[in-house]
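First the structure, in the form of structure tokens, and then the observations on it.
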Amino acid sequence: MASKSNNNKENELFNLVTEIDEITYSMNTRLIKERQSLFNDDLSTKQIIVMDLVKKESQISISQLAESMNVTSSAVSQIVSKLEKEKYLLRTINPDNRREIIVQLDERGHHYYLKEEEINKEIVKRFYSRMDMKDIVQLRDILVKLNLVVEEELSRK
């Protein structure tokens, strides 16, 4: 009897998580399309990933970018070259290690993230502001807890 009860709970949990995944996927897909429609920049996903990593670190080497993206330094260099031509990124030689290339945001890169912040504020104003603040806080708290569970479980591997 206990086994049947456990099975029902497992099925119910699985169905709830599946529904949550479908809802968040659908919402995120719509929000990504909305964000992209508000941007004029014609950047590829890989270019955005490189820029996000550079922004996060403020300055980062080509080899660190390659390692973070799990690709070759050559592949990253090609992406960085295109972004450098467009003034999104700036490459410099590390004065402490002349063989190392350091990448940081350039003029258009800084402008890109200022615009992203404006767009994110617009998204918050249009969608999230229609919910009660306590619900937003509760959603954040739940996601923080779930993220901790995932981090703990994956760090055991």
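This chain uses plain numbering: 1 for the first residue, then up along the sequence.
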Mind listing the closest non-hydrogen atom pair of [X] and [Y] along with its distance?
X	Y	value
I93	R98	CG2-O, 3.3 Å
A66	V76	CA-CG2, 3.5 Å
R91	S81	NH2-OG, 2.9 Å

Would you say that more than 12 heavy atoms from the other residues, nucleotides or ligands in this model lie under 6.0 Å from the CG of D42, or not?
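Not more than 12 within 6.0 Å, no.
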Look at atom CZ of R130 and say whether more than 12 heavy atoms of other residues, nucleotides or ligands are closer to it than 6.0 Å.
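No, the 6.0 Å shell around CZ holds no more than 12 heavy atoms from other groups.
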Verify salt bridge (Lys or Arg N to Asp or Glu O under 4.0 Å) between E34 and R30, making sure each step is shown before the conclusion.
CA-CA 6 Å; E34 184 62 20; R30 288 185 184 120; over 6 Å; no
Partner residues of F39 under the ring pair (Phe, Tyr, Trp, His ring centres under 6.0 Å) criterion, sequence neighbours left out:
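Per chain and number, F39 pairs via ring pair (Phe, Tyr, Trp, His ring centres under 6.0 Å) with Y112.
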Would you check if [X] and [Y] make a side-chain contact, meaning some heavy-atom pair closer than 4.5 Å?
X	Y	result
E84	D106	no
R35	L31	yes
K145	I142	no
L148	E151	yes
V50	K46	no
L90	V103	no
I32	Q36	yes

Identified side chain to side chain donor-acceptor pair (under 3.5 Å) counterpart of Y88 within the set K82, R108, Q47
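Of the listed residues K82, R108, Q47, the side chain to side chain donor-acceptor pair (under 3.5 Å) partner of Y88 is R108.
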Once rounded to the nearest 0.5 Å, what's the spacing between atom [atom1] of [X] and atom [atom2] of [Y]?
X	Y	atom1	atom2	result
R140	Q138	CZ	CD	11.0 Å
H110	K55	NE2	NZ	10.0 Å
T92	I101	OG1	CD1	7.5 Å
S77	L65	OG	CG	9.0 Å
Q64	E67	CD	CD	7.5 Å
I48	I79	CD1	CD1	11.5 Å

Do [X] and [Y] share a hydrophobic cluster (ILVMFWY, side-chain heavy atoms under 4.5 Å, transitive)?
X	Y	result
Y128	I20	no
L154	L146	yes
Y113	I119	yes
I102	V54	no

Is the side chain of S26 donor-acceptor paired with the backbone N or O of E22 at a distance under 3.5 Å, no angle test?
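Judged by distance alone, no pair lies under 3.5 Å.
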Is N147 reaching over with its side chain to a backbone N or O of L143, donor-acceptor style, under 3.5 angstrom?
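A pair under 3.5 Å: no.
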Test log, rule side chain to side chain contact (heavy atoms under 4.5 Å, CB included), inputs E19 and I23:
CA-CA 6 Å; E19 186 179 358; I23 291 166; 3.8 Å; yes
Does the side chain of S63 pick up a donor-acceptor pair with the side chain of S61 at under 3.5 Å?
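Looking only at side-chain atoms, S61 and S63 do form a donor-acceptor pair, the distance falling under 3.5 Å.
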